[in-house]
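We use all heavy atoms of the structure for the numbers below, so side chains are in, but hydrogens, waters and symmetry mates are not. Worth saying up front: this structure is predicted, and the values here are computed from it rather than measured.
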Amino acid sequence: MEFFCYHRDRPGSLPLREELGEEHWSYMDRYAKRLIARGPTFADDGETPTGSVHIVDLPDPAAARAFAFDEPNQQAGVYRDVLLRRWHNVLGRTMWDFPGGRTGGGNRYLVLGLGAGRPADPDVPAADRDELIAYGPLLSDDGTAWLGTAALVRAPDRGTARAVLAPDRYAVVEVHDWEFGGRR
């Protein structure tokens, strides 16, 4: 089962995040073969971390909760909250398989569309497929209810990244600067 996990930083927690850097990396190293995508999000200055995205394949929701809540930054109070949802890897690849690579042309963004009810954007947007690093629906723990869509996308700007999701089909759409993470 695939899960989307987004830890959002607590304001003022950067010194603690930096102090725990190696503990975070060591923890994530234990999941290296299960990770589909990972990386930090940033404030508008492009330097200040605001969160951490991990898309991971785990046996069940209990394992996903343990992954999210046992993480050292979470335990120490770096994060203010955690968005943890079942996810479906529509592209069927990891971020390391993305044809554009870690740094090739354009900026990277996390685009979150949160909603409820009838699913929006169930299929990969054909026009954007080559720019998608990861893409899929956010689902309830049992996988039956659609709760939104999460995408990691390469785009020239936030507006272009936002356009990956259908307009007016979500209660909230968030766009965050994001970059490839990991030691790979």
Side-chain angles (χ1 to χ4, degrees), residues 1-8 28 31-41 50-69 71 81-102 104 106-155 158-182 184:
M1 289 180 191
E2 299 154 334
F3 294 88
F4 175 87
C5 181
Y6 183 35
H7 291 94
R8 297 173 196 257
M28 289 302 156
Y31 294 92
K33 292 182 179 171
R34 296 182 164 276
L35 287 164
I36 296 165
R38 67 183 290 187
T41 57
T50 59
S52 194
V53 173
H54 296 93
I55 303 174
V56 62
D57 190 355
L58 294 166
D60 54 47
R65 283 189 289 280
F67 169 83
F69 292 101
E71 194 277 337
D81 60 52
V82 179
L83 173 64
L84 179 63
R85 294 284 179 233
R86 284 266 309 265
W87 187 75
H88 174 66
N89 186 357
V90 174
L91 298 176
R93 66 176 184 225
T94 72
M95 72 178 202
W96 296 277
D97 300 323
F98 172 60
R102 290 178 78 89
N107 302 315
R108 289 359 184 224
Y109 299 95
L110 163 63
V111 182
L112 283 175
L114 304 176
R118 208 170 127 242
D121 301 312
D123 299 315
V124 176
D128 301 311
R129 186 175 190 88
D130 291 343
E131 301 305 314
L132 294 173
I133 299 162
Y135 184 89
L138 299 169
L139 305 166
S140 59
D141 278 357
D142 65 4
T144 61
W146 175 86
L147 303 172
T149 304
L152 298 173
V153 61
R154 176 177 65 180
R158 286 173 173 263
T160 304
R162 165 60 182 93
V164 167
L165 301 184
D168 305 322
R169 295 293 308 275
Y170 295 89
V172 174
V173 175
E174 301 175 8
V175 180
H176 304 272
D177 290 352
W178 174 83
E179 69 179 33
F180 276 58
R184 292 187 196 197

Which atom names give the shortest non-hydrogen contact between [X] and [Y], and what distance separates them?
X    : Y    : result
W96  : G181 : CZ2-O, 4.3 Å
A134 : I55  : CB-CD1, 4.1 Å
T50  : Y6   : OG1-OH, 4.1 Å
W146 : P119 : CD2-CA, 3.5 Å

Could you tell me whether the side chain of [Y] reaches within less than 4.5 Å of the side chain of [X], counting heavy atoms only?
X    : Y    : result
C5   : W87  : no
L91  : N89  : yes
D177 : N107 : no
W178 : R38  : no
R85  : L114 : no
V90  : L132 : no
P99  : R93  : yes
R34  : L58  : yes

Output, in order, the C-alpha distance, side-chain angles, deciding distance and verdict of side-chain contact (heavy atoms from CB on, under 4.5 Å) for F67 and L84. CA-CA 10 Å; F67 169 83; L84 179 63; 5.7 Å; no

Any sub-3.5 Å donor-acceptor pair from [X]'s side-chain atoms to [Y]'s backbone N or O?
X    : Y    : result
R154 : E131 : no
H7   : A68  : yes
R158 : A161 : no

Just checking, is any N or O donor in the side chain of Y109 or T160 under 3.5 Å from an acceptor N or O on the other one? no

Evaluate F4 against L112 for side-chain contact (heavy atoms from CB on, under 4.5 Å), listing each step before the verdict. CA-CA 11 Å; F4 175 87; L112 283 175; 3.6 Å; yes

Looking at [atom1] of [X] and [atom2] of [Y], how far apart are the two atoms once the value is rounded to the nearest 0.5 Å?
X    : Y    : atom1 : atom2 : value
L152 : E179 : CG    : CD    : 12.0 Å
R162 : Y170 : CZ    : OH    : 8.0 Å
L139 : M1   : CG    : CE    : 11.0 Å
I133 : I36  : CD1   : CD1   : 14.0 Å

Which residues satisfy the side-chain contact (heavy atoms from CB on, under 4.5 Å) test with D142, sequence neighbours excluded? S140, T144

List in chain and number order the residues that pass side-chain hydrogen bond (donor to acceptor under 3.5 Å, both in side chains) with E174, two or more places apart in sequence or in another chain; answer none if no residue qualifies. R8, H176

Before giving the answer on side-chain contact (heavy atoms from CB on, under 4.5 Å), spell out for T149 and Y135 the whole-Å C-alpha distance, their side-chain angles and the decisive distance to 0.1 Å. CA-CA 8 Å; T149 304; Y135 184 89; 3.9 Å; yes

In sequence, state the C-alpha distance, the side-chain angles, and the governing distance for T94 and L35, and then conclude on side-chain contact (heavy atoms from CB on, under 4.5 Å). CA-CA 8 Å; T94 72; L35 287 164; over 6 Å; no

